[in-house]
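Along the sequence shown, the residues carry numbers beginning at 1. Below, all heavy atoms of this structure are taken into account, side chains as well, without hydrogens, waters or symmetry copies.
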Amino acid sequence: MFGFEAGGRFVIVNWHACAREETLVLGLPRGPETELRLMPDATITSVTPSGLRPITVVEVSPYHYGVIFEKSR
């Protein structure tokens, strides 16, 4: 269990759910196996049972997104 200060935020940065072969850095595939990558909705679905609610989804890079959560009221 974790504690949360009033006004605090929890952020997850994750890989977009695309094939590993499509995420090239210096010509080589990077990141987790394709099967382990999640769409933002799947990330949100896995976190909300903990009592956090999503505020926004932001693009972090061509291969990553971030989901910002706050404590549910």
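- Taking the six-membered ring for Trp and thresholds of 30 and 60 degrees, W15 and Y63 have nearly parallel ring planes, at less than 30 degrees apart.
- No continuous path of ILVMFWY side-chain contacts below 4.5 Å connects V13 to V47, so the two sit in separate hydrophobic clusters.
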Please tabulate, for side-chain N and O atoms in residues 16-26, each donor-acceptor pair with protein atoms closer than 3.5 Å (sequence neighbours left out).
unit_1, atom_1, unit_2, atom_2, d
H16, NE2, E59, OE1, 2.8
R20, NE, G31, O, 2.7
R20, NH2, P29, O, 3.4
T23, OG1, R20, O, 2.9
T23, OG1, R30, O, 2.8
T23, OG1, R37, NH2, 3.2

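- The shortest non-hydrogen separation linking F69 to T43 is CZ-O, 4.4 Å.
- How far OG of S46 is from CD1 of I12: 6.0 Å, rounded to the nearest 0.5 Å.
- Residues passing the side-chain contact (heavy atoms from CB on, under 4.5 Å) test with V57, sequence neighbours excluded: P40, I44, Y65, V67.
- Within the model, atoms CG of N14 and NE2 of H64 stand 8.0 Å from one another, a figure rounded to the nearest 0.5 Å.
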